[in-house]
Amino acid sequence: MSTENQEDVYETMPKKLLDEIDEQEYLRKLDALKTKWKSRPDFLHYLFNNWLNRFAYKFVRCWTKSHMHFRVETTNRAESEHSMLKLWLSTCHGDLDTMLLNIDSLIEGQITDIKASLEFSKTKEKNNAKSNHIFYIISNKISHLAFKKIWSEITRAAGIYDDPKNKCGHYLRTSHGLPCACELITQFDHVLPIQLYDIDAFWKTLEIGGRYPSARQQDMDF
């Protein structure tokens, strides 16, 4: 397949298609894609036979949503770390002791950054948490990234309020271990705060190194 056709593949697989959480809606969008590109059967053959028909279940949300992955769906993170390590080492030559010291320095720097981020989550209250009753129990008990994802889900919940059970998709719950739209609507309707046991332990781990209480013990302590 030509370079031009390969570029077409990425241009015609928009984020909305890959992020679709409803299988029927995903199939509807695929039909629209076929109609749009019906004049390019070679392209459609490549797209469907080499990608969508074989691997869609590995990267489209209506399938990946059923697995806990915390939004780690590509190898980008590993590739980024590999690139950073090569930059830090600056050379492929050198004795083992020097290489190990350089790697150790890199890791120490990353640990320092992680600790600073976790400490920020423990001490700095998010603005959304200050003004919303459903956050008061989990405030400063979960990472700020988790807050951001929950707040985005609250915004999405407003758009499916009329039919939450059928339109929610439960993506955030099944893949991230966080309350999804239909759960959050219930929280608002009954004026109930989000409990710590509603949050996966992944988002409540605000310490690094050493031994810390289990997720269940943390829930009981607060």
Side-chain angles (χ1 to χ4, degrees), residues 10-33 36 51-52 55-74 76-77 117-118 120-122 124-206 215 219 222:
Y10 297 102
E11 292 175 358
T12 54
M13 291 174 62
K15 190 173 186 296
K16 287 185 178 180
L17 175 66
L18 302 183
D19 285 348
E20 181 54 59
I21 60 177
D22 180 77
E23 186 173 350
Q24 293 304 314
E25 184 64 16
Y26 169 78
L27 294 174
R28 186 192 68 77
K29 290 178 179 178
L30 280 190
D31 287 338
L33 188 67
K36 178 180 178 180
W51 287 99
L52 298 179
F55 304 116
Y57 71 95
K58 291 186 176 182
F59 57 81
V60 178
R61 282 197 181 186
C62 59
W63 287 286
T64 63
K65 71 177 184 180
S66 61
H67 304 281
M68 193 76 77
H69 54 67
F70 304 109
R71 201 64 173 95
V72 180
E73 300 171 282
T74 72
N76 290 348
R77 182 177 298 179
S117 174
L118 296 178
F120 190 73
S121 293
K122 289 192 294 182
K124 182 68 173 178
E125 190 174 24
K126 291 286 285 182
N127 290 333
N128 297 334
K130 295 178 181 179
S131 59
N132 202 303
H133 69 277
I134 71 170
F135 288 133
Y136 84 86
I137 288 179
I138 63 174
S139 182
N140 301 128
K141 303 295 191 305
I142 67 175
S143 73
H144 279 191
L145 179 58
F147 265 115
K148 181 179 179 180
K149 291 183 178 299
I150 293 173
W151 189 253
S152 295
E153 192 74 353
I154 288 174
T155 302
R156 189 175 77 88
I160 64 171
Y161 194 89
D162 59 324
D163 191 12
K165 289 186 178 180
N166 292 327
K167 294 182 180 179
C168 175
H170 317 299
Y171 172 73
L172 207 63
R173 169 55 68 196
T174 55
S175 64
H176 288 67
L178 294 171
C180 57
C182 61
E183 294 177 57
L184 292 168
I185 288 175
T186 300
Q187 303 285 149
F188 273 102
D189 284 347
H190 294 84
V191 198
L192 298 173
I194 299 173
Q195 302 293 323
L196 275 173
Y197 55 71
D198 292 327
I199 310 295
D200 188 272
F202 177 83
W203 305 105
K204 296 181 289 189
T205 305
L206 301 181
D219 291 343
F222 295 109

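Between Met68 and Asp200, the closest heavy-atom pair is CE-OD2, 4.0 Å. When all heavy atoms are compared, the tightest approach of Ile134 to Leu192 is CG2-O, 3.4 Å. What you find for Asp198 and Pro179 is that their closest heavy atoms are O-CD, 3.9 Å. Minimum heavy-atom separation, Ala181 to Ile160: CB-CD1, 3.6 Å. Shown here for Val60 and Leu17, the closest heavy-atom pair between the two residues is CG1-O, 4.0 Å.
Side-chain N or O atoms of Asp31 include none that pairs as donor or acceptor with a backbone N or O of Arg28 at under 3.5 Å. Looking at Lys149, its side chain never comes within 3.5 Å of a backbone N or O of Leu178 through a donor-acceptor pair. Side-chain atoms of Arg156 come within 3.5 Å of backbone N or O of Cys168 as a donor-acceptor pair. Ser121 places a side-chain N or O within 3.5 Å of a backbone atom of His144 that can act as its donor or acceptor partner. With Ser139 contributing its side chain and Tyr136 its backbone, the two residues share no donor-acceptor pair below 3.5 Å. Trp203 places a side-chain N or O within 3.5 Å of a backbone atom of His176 that can act as its donor or acceptor partner.
Rounding to the nearest 0.5 Å places NE2 of His69 at 7.0 Å from CZ of Arg61. In this structure, CG in Leu33 is found 12.0 Å from CG in Leu27, a value given to the nearest 0.5 Å. One distance of note links CG of Leu18 with OH of Tyr26; it measures 8.0 Å at 0.5 Å rounding. To the nearest 0.5 Å, atoms CD1 (Ile138) and CD1 (Ile199) are separated by 4.5 Å. A distance of 8.0 Å separates OG in Ser143 from CG in Leu118, rounded to the nearest 0.5 Å. Distance CZ/Phe147 to NZ/Lys141: 9.5 Å, rounded to 0.5 Å.
Not counting sequence neighbours, Glu23 has no partner by the salt bridge (Lys or Arg N to Asp or Glu O under 4.0 Å) test. Not counting sequence neighbours, the partners of Lys122 by the side chain to side chain donor-acceptor pair (under 3.5 Å) test are Glu119, Glu207.
Under the 4.5 Å side-chain criterion, counting only non-hydrogen atoms from C-beta, Asp22 is not in contact with Tyr171.
Classified by interplanar angle (parallel below 30°, tilted 30° to 60°, perpendicular above 60°), the ring pair Phe202/Phe70 is parallel.
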